[in-house]
Structure formats: structure tokens, C-alpha cells
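Quick notes on the structure that follows.
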Amino acid sequence: MKNVKSKIIAIAAVSGGGKSTITSRLNQALNNSKTIYFDDYDFEGPNDIIDWVQRGANCNEWNLDPLISDLRSHVSLENIEFILLDYPFARLHNHLKNIDLTIFIDTPLDIAMARRILRDFKNMNAEAILDDLSNYLSRGRIGYESMLKTTKPNSDVIISGLLSVDEIVDKIFNEIECRL
């Protein structure tokens, strides 16, 4: 088997937008791929996300060294064709400009919110859910909107989050074939 240069594919979406599901399903479907999930790390960065967004959401304020180290480790592995990066910033961080393909799953905010509540609040009481919704309305939504203004337009491909998981994966396969 010959060595191949790993292609890095970043998949972004708002929270609840489907990036982890799509990354996982794409990994199952591709041969010789590895995954890296942004949420698996505890990064040094801004303490107040809303303040960070209001100041311009500069991705370079996040120290992504642990993720970058793991990415380099995966790239150095022989015969790993694709590295799938569940990652919210496309190529906006100065240390991750070398991503080969960036995908943005464009999920309507109401659907993303419903998915997030179903995922994160299964065992919570109604008060916790109402508190989260109140926070979303009073300050959290700005973070979601920020991604639509920054990450989305800086992505190579935008795919509707209204499609089924299989349809999204098929569209990404087509983009991989055409672009990589």
C-alpha cells in the first residue's frame, strides 16, 4: 500500500446542527478515516462566550494546541486517507488554514435548538429546560447567529441541515469526489 497525504475535512454547524452525527456517520462510510471532535477537548480560551462573540468572535483567542497536536499525529499515520474534524471554525483559526475541505451544515436555529434540548436535557426537569431557553433568548442566540455570519460564509460547501443524515453524507461524498 502506498502512502497517501491525509485530506482534512472540517464539518461545522451550530450546536445541535448535526456536525457530530454527520462526522460519525461519514467516518463509518469512508475507508481509512479518523475523527477528531472539538467537544472532546477542554481548550484555553475566552471565559464568557457571549462577551467573546460581542467582541468579534476572534477564533485565534482559542488555544487549539491539543487538537492541532492530535491532528498532526493523525496526518503522520500511514494510509489514513481522511481526517474528519468536527470543528466550528472552518479555516478561520490561523493555525488551521490547511484544512482541505470545509463543510457547513446549515440547520435552522429552531431545529438546532430542539435537537440540543432533546440531546442535553433528557434527564432534566422542566425548570432547567426553561432556564436554558431563557438564556438562549436573552443572550445565547447571538452566538448561533455569529456562526451564520462567520463560519458559514467561510466554508467551501453549505449543505441544508433539513436533509436526512444519509442525504447529507451523500452530498459530502460527492464533494469529496469532485474536490479532493
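Below, each value reflects all heavy atoms present in this structure, side chains not excepted, and no hydrogens, waters or symmetry copies.
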Item to check | Inter- and intrachain pairs under salt bridge (charged side-chain N to carboxylate O under 4.0 Å, His left out), touching residues 26-50, at least two apart | outcome: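 Qualifying pairs, neighbours excluded: D48-R139.
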Can you name the side chain to side chain contact (heavy atoms under 4.5 Å, CB included) partners of [X], sequence neighbours left out?
X: N60; answer: N58, H93, N94
X: N154; answer: L92
X: S73; answer: none
X: N98; answer: I8, L96

Checklist entry - If you measure from OG1 on T107 to CZ on F104, what distance do you get to the nearest 0.5 Å? => result 7.5 Å
Item to check | Spacing of R115 atom CZ and D110 atom CG [to the nearest 0.5 Å] | outcome: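 One finds 10.0 Å between CZ of R115 and CG of D110.
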Checklist entry - Is Y37 close to T23 at the side-chain level, that is, under 4.5 Å between some pair of heavy atoms? => result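 Yes. Closest side-chain heavy atoms under 4.5 Å.
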Next on the checklist: Can you pull out every ring-ring contact (aromatic ring centres under 6.0 Å, His included) where at least one residue sits in residues 149-180? Sequence neighbours excluded, please.
Outcome noted: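 For residues 149-180: none.
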Item to check | Those residues that, when tested against R55, pass salt bridge (Lys or Arg N to Asp or Glu O under 4.0 Å) (two or more places apart) | outcome: D51, E61
Checklist outcome for this item: Residues passing the side chain to side chain donor-acceptor pair (under 3.5 Å) test with D106, sequence neighbours excluded, are K152
Next on the checklist: Applying ring pair (Phe, Tyr, Trp, His ring centres under 6.0 Å), can you list everything that pairs with F43, at least two apart in sequence or on another chain?
Outcome noted: F38, Y41
Item to check | H74: ring pair (Phe, Tyr, Trp, His ring centres under 6.0 Å) partners, not counting sequence neighbours | outcome: none
Could you go through residues 156-168 and list every donor-acceptor pair under 3.5 Å that involves a side-chain atom there, pairing it with any protein atom two or more places apart or in another chain?
unit_1	atom_1	unit_2	atom_2	d
D156	OD1	R91	NH1	3.1
D156	OD2	R91	NH1	3.3
D156	OD2	R91	NH2	2.7
D156	OD2	T102	N	2.9
D156	OD2	T102	OG1	3.2
S160	OG	L162	N	3.1
S164	OG	E167	N	3.1
S164	OG	E167	OE1	3.2
D166	OD1	R25	NH1	2.7
E167	OE1	S164	N	2.9

Donor-acceptor pairs under 3.5 angstrom involving side-chain atoms of residues 126-136: please list them, not counting sequence neighbours.
unit_1	atom_1	unit_2	atom_2	d
D132	OD1	R116	NH2	3.4
D132	OD2	R116	NH2	2.4
Y136	OH	R141	NH1	3.2

